[in-house]
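Heads up: the structure comes next, in structure tokens.
If you read the sequence from its start, that first residue is 1, and numbering goes on from there.
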Amino acid sequence: MGIVNKHISRVLVHILFWMLFVFVSLFLFSNFYWKENPFLQYLFLLVIIVYANNLWLLPFFVKKKMYVGYIFVFVIISFLATQLYCYSFAKCGCTVFKCLSDYLWQSLVPLIFFSFVWMLYRFLDEQEKVAAVKKEHVEMELKFLKSQINPHVLFNNLNTIYSYSIEKPNEVPDMILMLSDNLKHVLHESNSKTVPLEKEIQFIDNYIRFQRIRVEGVKQIQYEKDIDSYDYEIAPLLLITIIENAFKHSALHSDISILIKVGSGVLECVCENGFKDEDEASSFKIGLQNLEKRLALIYEDAYELNIKKGETFKVYLKLILTNVPSSAVER
């Protein structure tokens, strides 16, 4: 539809200009162009000159970046067209300078106007191409960033199931079910731009239940939720990056504190954990750079991410959520 609208607007611009140009030439300057001078005959030649300029001259010189050469050709064409009108059509018998002062505008105005229109629409076309390339680049980058996230969740969980199959085989079936639910979310939902907030929170709940089993007796987990409504959407696999890193890099026999709060369309996630040493904290921070890239691409100015390192490593994420579409609510 955008391409069609652009073509229609271009046609309308051309039609309206020629109508206005003919009106001004025949009525406002009637002493020069009404009856005595065959302006309408010259108009057909002028149309040919204008569109030859738009179709061949402008594209050629702009492509070659020969701007000075184009200006020179433009001046020559305007001069010759004016002289042609004076001596072949109007037959005014005036001097060259008198001819230019009286008639040059009628050659220059359409040539300058349509050259400007051509450059304007060329600029708009280039902007559309740039926007399309940027959009494709963003989509490819997001897919790449997601592909970096997914294997971490899967491999860590598989390693846990493997160790429990040896030490506590009775708990393995429940763990496999939880892993299955998580994989469904990762495989089916992560390719979407946004997912229902409720599904993403269920994914986090499931992940943390899995981790409670895995770190039982080794780490203490404090997980709290305060959600006023689930009628929102969120980009998938954002929160899991923060939470999984907390488990991955936290020290043994330490506490992991996780708070997810949603109020008035604003989500806040606070995750705090102890870390093993300075190198571990640096590694944790590097892992969050991936998250920050995704946030910048998806949410632009609608997010806040703060990372603080003191006695503990604390990550604070604030997101402005989007509402669930009304059509989705009706279904």
Modelled atom types, side-chain donor and acceptor of [X] and [Y], under 3.5 Å:
X    : Y    : answer
D125 : Q127 : no
Y121 : H7   : no
Y70  : S115 : yes

Residues forming a ring-ring contact (aromatic ring centres under 6.0 Å, His included) with F60, sequence neighbours excluded: none
Near-ring test F113/F17, centroid separation under 6.0 angstrom: yes
Check: F114 ring centroid to W18 ring centroid under 6.0 Å: yes
Candidates I204, L259, I256 - the one meeting side chain to side chain contact (heavy atoms under 4.5 Å, CB included) with Y223: I204
Shortest non-hydrogen contact between Y232 and N323, atoms and distance: CE2-OD1, 3.1 Å
For the student: nearest non-hydrogen atoms of E233 and T194, plus distance: OE1-OG1, 2.8 Å
Pair D205 + K225: basic N to acidic O under 4.0 Å: yes
4.5 Å side-chain heavy-atom contact, N245 and N273: no
Contacts of type salt bridge (charged side-chain N to carboxylate O under 4.0 Å, His left out), residue K318, not counting sequence neighbours: none
